[in-house]
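What follows is a set of notes on a single structure, which appears directly below.
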There are 2 protein chains.
Amino acid sequence: MARSTGKPGAELAFLLSQVGYQSAALFAERIAPLELTPPDVGILKVVSEAEGLSQQDLGVKLSMFPSRLVAFLDQLEQRGLLQRRPSPADRRSHALYLSPAGREALKTIGRISREHQNQLCAALNEAERGQLTKLLQRIADDQKLAPGIHPGFRKLQMPR
Amino acid sequence: MARSTGKPGAELAFLLSQVGYQSAALFAERIAPLELTPPDVGILKVVSEAEGLSQQDLGVKLSMFPSRLVAFLDQLEQRGLLQRRPSPADRRSHALYLSPAGREALKTIGRISREHQNQLCAALNEAERGQLTKLLQRIADDQKLAPGIHPGFRKLQMPR
DNA sequence: TATTGTTATACTCTATAACTATA
DNA sequence: TATAGTTATAGAGTATAACAATA
């Protein structure tokens, strides 16, 4: 039974964490058959929006250590989704590009993401989803969360 | 700039994951000075609501492997927040209880949680927080998320 | 001397399965 | 023989720091 009056608890913050985790977990399940993980998707997305960027740039955008990026990029490159091209100005750095297959993968991911959202938000109609989006966006802006960048890239580990 | 018409993307599902992660991360930071982690808090909370339960029971409630529980319980017991008492009926099993210090810790955690929620939801007024809570609760119910049980107990690992 | 990307190392946390003591 | 809790082991993933090539 919920308290209707009195000192407010932290139900909302906990609900946010619960539902947010559920969203991440279901999404991870949905892309697993593509042999992709959420960080893979985040990397592909950022590269697609800023092609030619260096691994350094990518690390800054995602707040990831460059050394942690290497393994992800190796795998994406081996699978032909992403390319490391020599940088014209600096032979130390690599310019990152999506391959055609990488762009195709992003389209598939987009479709999967929409299905995922429909499943997750099945309890709400369109108007309610719009309401929810607006409220969450206000929090995200206030919390200085960069659009399209998941804060989990930084440190990892949620409950423990 | 947001698309006002056309095929919907998955912005809402991503926003939920972003804000949910932010909630979890900020909460973890807030309780870190108490030398507690979110799973510690989850355990204390469940025990407080069902004192006398066994480690087996606790594992089922949290969807955690019993072997994973051991280290958490060891630490909480050593710090005097939780007690393993002999079970009257079965000498194999332990009945879990909070100590007075454990109950005190939960009060502190409750205060911290409210501060946390106020910080996280600073962009919204009371009415808006109520709206948001209702919408999220509808999703949580539809997704069969148990009240007060974080789905992250199960498997862990969000971005990867 | 500083910087880009890579590799090496140590550490944390987990699931699985073996183990003990009771039942 | 089965069950409660514990311990052992191996694996996944990370941050940190050392490293080679280039600037």
Side-chain angles (χ1 to χ4, degrees), chain A residues 21 24-25 28 32 35-43 46-47 50 52-78 82-97 150-160, chain B residues 21 24-25 28 32 35-40 42-43 47 50 52-78 82-97 150-160:
Chain A
Y21 185 94
E35 303 203 75
L36 288 172
T37 62
D40 290 323
V41 171
I43 288 169
V46 167
V47 171
L53 86 172
S54 69
Q55 297 184 198
Q56 202 67 224
D57 297 336
L58 182 59
V60 169
K61 289 212 183 208
L62 297 177
S63 299
M64 268 174 90
F65 288 103
S67 64
R68 192 178 154 205
L69 272 175
V70 176
F72 287 109
L73 297 178
D74 284 350
Q75 220 178 328
L76 292 171
E77 190 178 26
Q78 277 171 2
L82 180 142
Q83 298 164 351
R84 283 193 254 223
R85 300 187 197 162
S87 176
D90 186 336
R91 281 197 304 174
R92 289 174 303 183
S93 83
H94 300 154
L96 301 175
Y97 290 87
H150 200 288
F153 274 113
R154 288 185 224 162
K155 211 175 78 181
L156 242 285
Q157 278 177 356
M158 195 181 21
R160 175 193 267 186
Chain B
Y21 185 93
E35 302 203 76
L36 289 172
T37 63
D40 289 324
I43 288 169
V47 171
L53 86 173
S54 68
Q55 298 184 197
Q56 203 67 225
D57 298 335
L58 181 59
V60 169
K61 289 213 184 208
L62 298 177
S63 300
M64 269 175 91
F65 287 104
S67 64
R68 194 178 153 207
L69 272 174
V70 176
F72 287 108
L73 297 177
D74 284 350
Q75 220 177 329
L76 291 171
E77 189 177 27
Q78 276 171 3
L82 179 142
Q83 297 165 351
R84 282 193 256 223
R85 300 188 196 159
S87 176
D90 185 338
R91 281 197 305 172
R92 290 173 303 180
S93 82
H94 300 154
L96 301 175
Y97 290 87
H150 199 288
F153 274 114
R154 287 184 224 164
K155 208 175 82 182
L156 241 286
Q157 277 176 359
M158 197 185 17
R160 176 192 270 189

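What you see is a predicted model, and the numbers here were worked out from it, not measured in a lab. Per chain, numbering begins at 1; letters A, B, ... match sequence-line order.
Under the 4.5 Å side-chain criterion, counting only non-hydrogen atoms from C-beta, B:F153 is not in contact with B:K61. Between B:L96 and B:D57 there is no side-chain heavy-atom pair separated by less than 4.5 Å.
Applying the side chain to side chain donor-acceptor pair (under 3.5 Å) criterion to A:R84, with sequence neighbours excluded, gives A:Q55, A:D74, A:E77. Residues satisfying the salt bridge (charged side-chain N to carboxylate O under 4.0 Å, His left out) test with A:D90, not counting sequence neighbours, are A:R92. For the side chain to side chain donor-acceptor pair (under 3.5 Å) test, no residue two or more places apart in sequence or in another chain qualifies with B:Q56. Listed by chain and number, the residues in a side chain to side chain contact (heavy atoms under 4.5 Å, CB included) with A:R85 are A:Q83, A:Y97 (sequence neighbours excluded). Scanning for side chain to side chain contact (heavy atoms under 4.5 Å, CB included) contacts around A:V41 gives A:F27, A:I31, A:I109, with sequence neighbours left out.
With rounding to whole Å, A:R68 atom CZ is found 17 Å from C:dG5 atom C1'. Remark: P of C:dT4 and CZ of A:R85 are 21 Å apart, rounded to the nearest angstrom. Residue A:Q78 contributes atom CD, which lies 12 Å from atom P of C:dT6 at whole-angstrom precision. The distance between atom CE of A:M64 and atom C1' of D:dT14, rounded to the nearest whole Å, is 10 Å. At whole-Å resolution of the value, CG in B:L69 and P in C:dC13 are 15 Å apart. Atom CZ in A:F72 sits about 16 Å away from atom C1' in C:dT6, given to the nearest Å. The distance from atom CG of A:L96 to atom C1' of C:dT4 is 12 Å, rounded to the nearest whole Å. Atoms NE2 (A:H94) and P (C:dT3) sit 18 Å apart, rounded to a whole Å.
Listed candidates were D:dT6, C:dT6, C:dA15. Nearest to the side chain of B:Q55 is D:dT6. When the nucleotides D:dG5, C:dA15, D:dT16 are ranked by their closest atom to the side chain of A:F65, D:dT16 comes out on top.
Under 4.0 angstrom from either OP1 or OP2 of D:dT14 there lies no side-chain N or O belonging to A:R154. Of the side-chain N and O atoms in A:Q56, one or more sit less than 4.0 angstrom from OP1 or OP2 of C:dT4.
If you check every strand for non-hydrogen atoms under 4.0 Å, B:S87 touches nothing.
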Counting primed atoms, P, OP1 and OP2 as sugar-phosphate and everything else as base, the B/S/- map of nucleotides 17-23 of chain D against protein heavy atoms under 4.0 Å is B---BBS
